[in-house]
Each structure stands twice: as C-alpha cells, then as structure tokens.
Protein chains: 2
Amino acid sequence: MARNIQSLERAAAMLRLLGGGERRLGLSDIASSLGLAKGTAHGILRTLQQEGFVEQDDASGRYQLGAELLRLGTTYLDVHELRARALVWTDDLARSSGESVHLGVLHLQGVLIVHHVFRPDDSRQVLEIGAMQPLHSTALGKVLSAYDPVAHSEVLEGERKAFTERTVCTLDDFEGVLDITRARGYAADVEETWEGVASIAAPIHDRRRMPVGAVGITGAVERLCREGELRPELIAAVRDCARAVSRDLGAVRF
Amino acid sequence: MARNIQSLERAAAMLRLLGGGERRLGLSDIASSLGLAKGTAHGILRTLQQEGFVEQDDASGRYQLGAELLRLGTTYLDVHELRARALVWTDDLARSSGESVHLGVLHLQGVLIVHHVFRPDDSRQVLEIGAMQPLHSTALGKVLSAYDPVAHSEVLEGERKAFTERTVCTLDDFEGVLDITRARGYAADVEETWEGVASIAAPIHDRRRMPVGAVGITGAVERLCREGELRPELIAAVRDCARAVSRDLGAVRF
DNA sequence: GGTAGGTGTTCGACAATGTCGACCGATGGA
DNA sequence: TCCATCGGTCGACATTGTCGAACACCTACC
C-alpha cells in the first residue's frame with residue numbers, strides 16, 4: 001500500500017474542480033471531467049456533501065463548495081505560526097508606510113496570501129487573504145523564487161504569463177532578476193502584474209535560516225516610486241519588518 | 001452502495017480533529033482518537049498531505065491543517081451568492097451605523113460568519129470571517145433560530161451554554177425570545193454572549209421567502225443602547241439593510 | 001400533449017481497493 | 001545505556017469502493 005488512497009485523491013480533485021472553474025457544476029460534468037462513472041462520482045459527492053465540504057443547490061441540483069471549507073480554512077490561519085508572529089509587525093509596517101501589507105507563503109505554483117492589512121485610509125478595499133499571486137511577476141513571488149529552492153523549480157517549470165508589457169517572461173532575464181533579488185535582499189514589482197501598481201517585498205527566515213514566507217507592501221506606482229526609483233525609506237521599512245518577523249520566529253522554540 | 005464512502009468520512013473526521021483540538025497532533029494520537037490502526041491513519045494522512053489539506057512539521061513529524069483549505073475556503077466565499085449581493089449593502093450599514101457588520105449563515109450547530117465589515121474607525125480589529133457564533137445567545141443566531149426550521153431544531157437539541165449571567169438558557173424562555181423575534185422582525189443580544197457587547201440582527205430571505213441568512217451590527221452596549229433601550233434608528237438601519245439584500249436576492253434569477 | 005434528451009439517483013455484482021496488525025529504524029527521556 | 005514511544009513500512013486478507021445499467025424526474029421542444 002505504498003500508493004495513495006484513490007477515493008481521497010478523486011475527492012480532492014473534485015473540490016479543486018469545483019473551486020477552480022465555474023460557479024456550479026452538475027454531476028455529469030464532474031464525472032466526465034474526471035473520467036469517472038456517474039455512480040462513482042455521486043458516491044463521493046454525497047459523502048462530501050454530508051461532511052459539509054460540498055453543497056447542493058436544491059433547485060438545479062448542481063454542486064458547489066461547502067461552508068466547512070471556510071471554517072477549516074480560517075482555522076488553518078489560527079494555527080499558522082508565521083502569521084501569528086507577523087500580525088503586530090505587519091500592522092506597524094502598514095502604518096509607517098501608508099500602504100497595504102501582504103504576507104505570503106509558497107503554495108503549489110504560486111504565493112498564497114495568509115495575511116493582509118488594509119492601507120490605512122478610508123478607501124474601499126477587498127480582502128485578499130486566501131488568494132493566490134503568481135510567482136514570476138509579483139514582489140512576494142520573486143522573493144520566494146529567489147530564496148526557496150522549491151519555489152524556484154516551480155517557477156521554472158510553470159508558464160510565465162505576461163500580464164503587462166513590463167512582465168519579465170524569458171528564462172534568462174528572470175534568472176537575472178532573481179540574482180539581483182538575492183544580491184539586494186529584496187524584490188520589487190513595478191507594473192509587472194497590474195498596471196499602475198507596484199510592490200516591494202523581503203524574505204522571512206525561520207531559526208534555521210530557511211525561507212518560510214515573504215512580506216511586502218503594495219500600492220499605486222506614483223506613491224511607491226519617486227523620479228522613477230523606488231523610495232528608499234519604503235524599502236527599508238519592508239526589510240525591517242521582514243527582519244523583525246524572522247527574529248521573532250528564531251527566538252521561539254516549540 | 002447506499003452508504004457513504006468510509007475513507008472519506010475518516011479523512012473528514014481527521015480534518016475536523018486537526019481543526020478542533022490542539023495546534024498539532026501526532027500520528028498515534030490521531031489514530032487512537034478515531035479508533036484506527038496506525039497504518040490506516042497514515043495512509044489517509046499521506047494522501048491528505050499530498051493534496052495540500054494537511055501539512056507535516058518536519059522537525060516533530062506532527063500534522064496540522066494545510067494551506068489548500070484556506071485557498072478553497074476563500075473560493076467558497078467568491079461563489080457565495082448571498083455574500084456577493086450583500087457586499088455593498090453591508091458597507092452602507094457600517095457607515096450609517098458606525099458599528100461593525102456581520103453577515104452569517106447557518107452551519108452545523110452555529111452561525112458561520114461569511115462577511116465582516118470593520119467598524120469605521122482606526123481601532124485595531126480582528127477579522128471574523130470563517131468564525132462560528134452560537135445560535136442561542138447572539139442576535140444573528142436568534143434570527144436564524146426564529147426563521148429557519150433547521151436552525152430551530154439544532155438549537156433545541158444542542159446545549160445552550162451560559163456565557164454571561166444574562167444568557168437565556170431555559171427552553172421556555174428561549175422559545176419566548178424566538179416568538180418576540182418573529183413578532184418584531186429582528187433580534188437583539190444585550191450582553192448575553194460577551195460582557196459589554198450588544199448586537200442587533202435581522203433576517204434575509206430569498207425569492208421564495210426562505211430564510212438564507214442574517215445580517216447585524218455589533219458594538220459596545222453603551223453605543224447601541226440609550227437609557228436601557230436599543231436605539232431605534234440602529235434597529236431601522238439593520239432592518240433596512242436586510243430588506244435591501246433580500247430584495248436584491250429576489251430580483252435575480254440564475 | 002407527448003416525446004426526446006437531459007438531469008441526479010439507486011442498485012447489484014465484481015474485484016480492485018483500503019484496512020489491519022506486526023514489524024522496522026530513529027528518536028528522546030530517564 | 002536502556003526502554004518506551006514515535007512515525008513509517010509491508011504483505012495478506014476481505015471489506016470496500018467501483019462500475020455500468022436501469023430508475024424516476026424534470027425541462028424544453030417539436
């Protein structure tokens with residue numbers, strides 16, 4: 001039994017299918033997408049539904065993700081060591097920089113946002129906790145790609161899509177960006193992912209000097225840059241925050 | 001095959017166990033807690049780990065919840081019809097009332113918070129999306145118990161714990177509270193769950209007049225009450241918001 | 001109004017599948 | 001150093017999940 005449990009893998013694939021594509025999917029769609037018999041797919045869905053991982057629309061009979069996932073997902077945040085240590089430091093960074101702060105970790109082929117502090121003004125902002133960002137174009141992603149070998153191989157294997165005309169896509173250029181990132185100790189994204197938006201990020205290490213995540217600020221390019229250059233005081237603030245969280249992680253044993 | 005898939009039920013029980021109890025659990029603890037052989041538990045955990053639902057601490061070998069749950073949980077929010085319709089109305093409610101706004105739906109034996117708008121000031125607040133609230137003591141919970149038959153039976157069967165000395169616990173008294181709630185069309189919680197905190201909530205109905213959730217405000221009892229009574233303008237604001245969301249839901253067909 | 005094609009669901013037979021318990025090497029506390 | 005306990009592995013067994021056909025139901029379209 002060295003292999004993995006088949007029914008569980010299929011159930012996970014169903015959840016990913018429901019989460020990735022359309023809002024709601026019918027049983028036949030799901031079964032054919034995964035290459036399963038309808039009866040088999042139904043059995044798995046029925047169990048997932050009873051456990052709360054999947055809900056079924058009474059009217060149409062279609063399936064969608066269930067509330068239990070939200071409950072467990074936030075429980076994951078509560079347990080998250082890095083996030084707990086970073087809470088207070090990211091608050092300070094948001095206040096001192098005046099920009100929104102993101103804390104990200106490597107997950108699959110991207111950066112999973114595990115904490116998000118709103119920009120300290122009254123503008124309407126959407127919470128991005130739980131969202132994914134690409135590895136090759138964002139500041140958080142570049143930092144992880146530069147310091148985490150797993151992230152590095154993921155970003156090399158994956159497709160590097162051009163979101164704007166400034167996105168670095170070719171392999172050589174991107175490796176150069178990572179070299180610069182390692183040399184400077186931080187990474188930047190000036191309109192490489194979203195038009196008009198820039199970000200700065202620095203790596204967080206644990207007590208064994210292993211990279212465990214990245215923290216950074218994101219905001220309008222006009223605010224983060226001055227005369228075409230990133231404002232040095234913002235870079236310093238981000239790096240100070242990353243160092244503070246790293247120190248916090250290194251001091252604790254569990 | 002009228003029964004559910006055994007390995008899936010066991011995997012779900014593991015996730016609930018990991019989410020509910022201690023931060024991290026060892027293989028033997030998990031196996032004995034669920035009454036499984038170690039080998040069986042290991043096979044399930046290995047698959048869950050590969051799918052990202054569970055992570056293993058390298059140093060101690062213990063297991064905890066995985067990042068994929070967070071990603072799928074937020075995807076659930078994106079798909080959530082009620083939440084999407086309510087976003088703009090809850091923002092307005094927070095601004096007009098000056099208090100934090102919660103949107104909740106029935107899940108298991110409690111209220112699952114699916115949206116949370118911070119009180120519009122600069123105080124530090126923690127996000128409560130994904131958290132659970134009790135049915136019998138909070139305004140959101142009372143509204144759901146009064147209007148949703150499923151919630152009603154859940155709250156009758158479950159234990160009604162006394163969080164403060166004002167919590168209504170006995171069956172007769174609680175049924176009286178629900179009668180009043182139905183008669184007035186809203187529910188309140190004045191220091192029945194947390195000392196010094198009050199809340200007001202009203203039900204949201206879909207186009208078939210079925211209750212699908214509740215919306216409410218929460219804040220210091222000194223602000224929500226005046227001369228021992230809930231401020232009428234706040235009650236009106238909450239009910240207006242609930243009606244607006246209900247109308248929004250009723251108008252749309254999908 | 002009836003039919004045709006779609007849905008989600010149930011059922012029974014089969015064998016592939018997951019389960020069990022003993023065993024292994026590593027770890028760490030006494 | 002020893003012993004207890006940890007997580008992980010392996011192979012035999014039969015329980016368990018899988019498959020495909022048939023079912024009831026609904027919608028939409030001739």
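Convention: sequence-line order gives letters A, B, ...; per-chain numbering from 1.
- Between Leu8(B) atom CG and dG18(C) atom P there is a gap of 10 Å when expressed in whole angstrom units.
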Check against ring-ring contact (aromatic ring centres under 6.0 Å, His included), His42(B) and Tyr63(B)
CA-CA 11 Å; His42(B) 177 65; Tyr63(B) 294 91; 7.3 Å; no
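- None of Thr138(A), Leu106(A), Leu178(A) except one satisfies the side-chain contact (heavy atoms from CB on, under 4.5 Å) rule with Ser145(A); the exception is Leu178(A).
- Rounded to whole Å, the distance from CG on Asp57(A) to P on dT7(C) is 16 Å.
- Not a single donor-acceptor pair under 3.5 Å links the side chain of His136(B) to the backbone N or O of Val155(B).
- For dG18(C), the OP1/OP2 oxygens have no side-chain nitrogen or oxygen of Thr40(B) closer than 4.0 Å.
- Comparing dG18(C), dG8(C), dC6(D) against the side chain of Ser28(A) picks out dG8(C) as the nearest.
- With Val245(B) as the fixed residue, the side-chain contact (heavy atoms from CB on, under 4.5 Å) test singles out one of Leu93(B), Val212(B), Leu87(B), Ile204(B): Ile204(B).
- End-to-end axis angle of the helix from dG1(C)-dC30(D) to dA15(C)-dT16(D), using five pairs per end and rounding to 10°, comes to 0°.
- Under a 3.5 Å cut-off, the side chain of Ser199(A) and the backbone N or O of Thr218(A) do not form any donor-acceptor pair.
- Of the candidates dG18(C), dG8(C), dC19(D), dG8(C) carries the atom nearest the Leu27(A) side chain, counting heavy atoms from C-beta on.
- Rounded to whole angstrom, the span from the CG atom of Asn4(B) across to the P atom of dT15(D) amounts to 20 Å.
- The side chain of Lys38(A) has dA22(D) as its nearest neighbour among dA22(D), dC20(C), dG17(D).
- Minimum atom distance to the side chain of Arg46(B) is reached by dT9(D), of the listed dT9(D), dT7(C), dC20(C).
- For the pair Ile5(B) CD1 and dT10(C) P, the computed distance is 13 Å after rounding to whole Å.
- At whole-Å resolution of the value, CG in Leu36(B) and P in dT15(D) are 17 Å apart.
- For His42(A), whose side chain is taken as the heavy atoms from C-beta onward, the closest listed nucleotide among dT10(C), dG7(D), dG18(C) is dT10(C).
- One atom, CD of Glu55(A), and another, P of dG8(C), lie 17 Å apart when rounded to the nearest Å.
- One finds a side-chain N or O of Gln56(A) lying less than 4.0 angstrom from the OP1 or OP2 phosphate oxygen of dT9(C).
- Ranking dG7(D), dG8(D), dG18(C) by closeness to the Gln6(A) side chain, first place goes to dG18(C).
- The interatomic distance linking Glu9(A) (CD) with dA16(C) (C1') rounds to 15 Å, in whole Å.
- Look at Tyr63(B) and you'll find a side-chain N or O under 4.0 angstrom from OP1 or OP2 of dG8(D).
- No side-chain donor-acceptor contact under 3.5 Å links Glu154(A) and His107(A).
- If you find the closest nucleotide of DNA chain C to Gly35(B) and to Gln49(A), the one lying nearer the 5' end belongs to Gln49(A).
- Side chain of Glu68(A) to main chain of Glu51(A): no donor-acceptor pair is present (N/O by atom type, distance under 3.5 Å, no hydrogens or angles).
- Using a distance-only test at 3.5 Å, with no hydrogens or angles considered, no donor-acceptor pair links the side chain of Arg24(B) to the main chain of Arg62(B).
- Atom CG of Leu48(A) and atom C1' of dT9(C) are 16 Å apart (whole Å).
- Using a 4.0 Å heavy-atom criterion, one finds that Arg10(B) contacts the sugar-phosphate atoms exclusively.
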